[in-house]
Amino acid sequence: GPVSLKEAMASGCAPVISDLTAPREWIEHEKNGLVVPVRNAEKLAKALCNLLGDANKRRRFNDVNRALIVDRAQHQRQMHQVERVYEKVVNKSRNGEH
């Protein structure tokens, strides 16, 4: 997903995104952000007004997004650790070590 979107999610912003594939991997409409049609200024304005007028929704999105970022970051760290262990095993095997 887009780095700037993930940074915004981690820092507590309530995302309003265009309906594009990459950001949609991270944002589900009304669960952790708002999704508007591409190049639709009227729906974008309505979504922004909706969020500005609803502190509870912004807080809810923030809670979901922070948890999502932490969870995916932990998963990535675990996958990097597994990769390092795998590389050590492969290197030992190539060098004839057991």
Side-chain angles (χ1 to χ4, degrees):
V3 173
S4 57
L5 174 60
K6 292 184 275 188
E7 289 172 348
M9 292 167 66
S11 66
C13 295
V16 177
I17 64 164
S18 293
D19 194 3
L20 299 168
T21 304
R24 285 302 301 262
E25 293 176 15
W26 288 86
I27 304 299
E28 186 177 330
H29 186 67
E30 290 290 348
K31 178 181 177 187
N32 64 330
L34 298 177
V35 180
V36 297
V38 176
R39 294 185 185 92
N40 189 322
E42 184 178 337
K43 291 203 176 179
L44 175 60
K46 285 182 180 179
L48 293 172
C49 289
N50 175 308
L51 277 178
L52 288 171
D54 193 339
N56 288 329
K57 184 179 286 189
R58 292 192 312 269
R59 245 187 315 277
R60 188 176 79 244
F61 289 175
N62 183 28
D63 292 344
V64 171
N65 286 329
R66 284 179 189 256
L68 181 64
I69 293 295
V70 167
D71 183 57
R72 289 199 183 179
Q74 287 174 342
H75 177 75
Q76 284 182 326
R77 276 194 299 275
Q78 290 169 348
M79 290 300 98
H80 287 303
Q81 289 172 342
V82 168
E83 186 178 352
R84 283 194 295 274
V85 169
Y86 179 75
E87 287 174 353
K88 286 179 184 178
V89 169
V90 169
N91 289 334
K92 283 184 178 183
S93 175
R94 285 181 182 156
N95 294 330
E97 298 176 33
H98 296 288

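Just so it is clear, the model here is predicted, and its values are computed rather than measured.
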Between the side chain of [X] and the main-chain N/O of [Y], is any donor-acceptor distance below 3.5 Å?
{"X": "D71", "Y": "A67", "value": "no"}
{"X": "R60", "Y": "K31", "value": "no"}
{"X": "N32", "Y": "W26", "value": "yes"}
{"X": "D54", "Y": "N50", "value": "no"}

Membership question, hydrophobic clusters at under 4.5 Å side-chain separation (ILVMFWY): are L48 and L34 in the same one?
yes
Going hydrophobic residue to hydrophobic residue with side-chain gaps under 4.5 angstrom, can you get from F61 over to L44?
yes
Please tabulate, for side-chain N and O atoms in residues 15-24, each donor-acceptor pair with protein atoms closer than 3.5 Å (sequence neighbours left out).
{"residue": "D19", "atom": "OD1", "partner": "R24", "partner atom": "NH1", "Å": "2.9"}

Can you name the closest pair of heavy atoms from L68 and M9 and give their distance?
CD2-CE, 3.6 Å
Is it the case that more than 12 heavy atoms not belonging to K43 sit under 6.0 Å from its NZ atom?
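For K43, atom NZ is not crowded (no more than 12 foreign heavy atoms under 6.0 Å).
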Flag side-chain contact, heavy atom, 4.5 Å: V64 against E28
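Not in contact.
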Minimum side-chain heavy-atom gap K46-V36 below 4.5 Å
no
Side chain to side chain contact (heavy atoms under 4.5 Å, CB included) partners of R39, counting only residues at least two apart
none
Taking side chain to side chain contact (heavy atoms under 4.5 Å, CB included) as the definition, give me every residue that meets it alongside R66, ordered by chain and number, with sequence neighbours left out.
N62
